[in-house]
Amino acid sequence: MESDKEKVKILFLCTGNTCRSQMAEGWAKHLKSDVIEAYSAGVLPAGMSTKVIQVMAEVGVDISSYVSKHVYIYLGMDFDFIITLCDFAKAQCPKFGGKTKLIHRAFKDPISATGSEMEILDAFRKTRDEIRVFVETLPENVLAGADAK
């Protein structure tokens, strides 16, 4: 029976839990809730970006109830994978015990985008779409050790 199969538990980690990790958690819950139990956090939580909520809503993923969380609230949990989404989070990621494997896949932070409102939103959309492509390959790519970068 499929429901007896244990889900792969993944924590997506970035600097502020403002954008990239929230997108990854949202995509994982939207696309892969049958096989992934998804969480997100930051090493320096900085609150949710309204733009990330907006661009995720554009593609039918509601993350408006998500909040920015510190990675330390998850230290007692047993994850299969911690996926760091930026170099800073990789460098600052605390050690998780047991079977937890650290995977790194960096994405550009749209929070730093400049220009017109449309150019900034386009940067958010680009990161959103890149993260979706990555999440669509989960958990198979990390279970097979085929993580790129």
Side-chain angles (χ1 to χ4, degrees), residues 6-33 35-59 61-115 117 119-149:
E6 197 170 312
K7 294 180 183 182
V8 176
K9 194 179 290 187
I10 298 175
L11 174 63
F12 296 100
L13 185 64
C14 68
T15 300
N17 195 219
T18 300
C19 182
R20 294 165 291 185
S21 54
Q22 299 283 3
M23 287 177 175
E25 179 185 1
W27 278 127
K29 288 179 174 178
H30 185 73
L31 299 170
K32 299 285 189 151
S33 63
V35 292
I36 294 174
E37 186 177 332
Y39 299 84
S40 70
V43 294
L44 296 171
M48 284 289 291
S49 162
T50 56
K51 286 180 176 53
V52 74
I53 294 167
Q54 176 183 341
V55 300
M56 291 298 284
E58 289 173 358
V59 292
V61 181
D62 180 9
I63 62 169
S64 62
S65 65
Y66 289 18
V67 295
S68 186
K69 301 165 294 299
H70 198 288
V71 66
Y72 289 127
I73 70 168
Y74 294 118
L75 281 179
M77 290 184 70
D78 188 22
F79 289 97
D80 296 296
F81 297 97
I82 308 295
I83 301 179
T84 55
L85 303 174
C86 66
D87 294 339
F88 186 76
K90 180 182 178 191
Q92 299 297 315
C93 183
K95 299 294 182 220
F96 282 78
K99 64 182 180 176
T100 303
K101 293 182 178 73
L102 181 64
I103 303 293
H104 181 60
R105 176 62 171 89
F107 292 91
K108 185 174 173 115
D109 190 354
I111 292 293
S112 60
T114 59
E117 183 72 9
E119 290 168 325
I120 293 169
L121 284 171
D122 284 345
F124 275 83
R125 291 177 183 116
K126 184 175 195 280
T127 298
R128 173 200 68 199
D129 296 345
E130 289 172 352
I131 290 173
R132 178 186 178 138
V133 169
F134 174 67
V135 169
E136 286 175 335
T137 69
L138 295 174
E140 297 82 9
N141 66 341
V142 292
L143 290 172
D147 180 59
K149 300 171 191 54

What pairs with [X] under side chain to side chain contact (heavy atoms under 4.5 Å, CB included), at least two apart in sequence or on another chain?
{"X": "S68", "answer": "N17, P45"}
{"X": "K51", "answer": "S49, E117, I120, L121, F124"}
{"X": "I53", "answer": "M48, I63, S64"}
{"X": "D129", "answer": "none"}

* **Residues that F88 engages under ring pair (Phe, Tyr, Trp, His ring centres under 6.0 Å), provided they are two or more places apart** =>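 Listed in chain order: nothing, the list is empty.
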
* **Partners meeting salt bridge (Lys or Arg N to Asp or Glu O under 4.0 Å) with E58 (sequence neighbours left out)** =>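 Residues passing salt bridge (Lys or Arg N to Asp or Glu O under 4.0 Å) with E58: R125, R128.
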
* What pairs with K29 under salt bridge (Lys or Arg N to Asp or Glu O under 4.0 Å), at least two apart in sequence or on another chain? ->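 Salt bridge (Lys or Arg N to Asp or Glu O under 4.0 Å) check on K29 returns E25.
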
For [X], what residues pass the side chain to side chain donor-acceptor pair (under 3.5 Å) criterion, not counting sequence neighbours?
{"X": "Q92", "answer": "none"}
{"X": "K126", "answer": "E130"}
{"X": "T100", "answer": "none"}

* **Pairs involving residues 10-23, ordered by first then second residue, that meet salt bridge (charged side-chain N to carboxylate O under 4.0 Å, His left out) (sequence neighbours left out)** =>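 Listed by first then second residue: R20-D109.
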
* Side chain to side chain, W27 and I36, heavy atoms closer than 4.5 Å ->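 They are not in side-chain contact.
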
Check residues 75-83 and write down every donor-acceptor pair under 3.5 Å in which the side-chain atom is one partner and the other belongs to a residue at least two apart or another chain.
from, atom 1, to, atom 2, distance (Å)
D80, OD1, K99, NZ, 2.9
D80, OD2, K9, N, 2.7

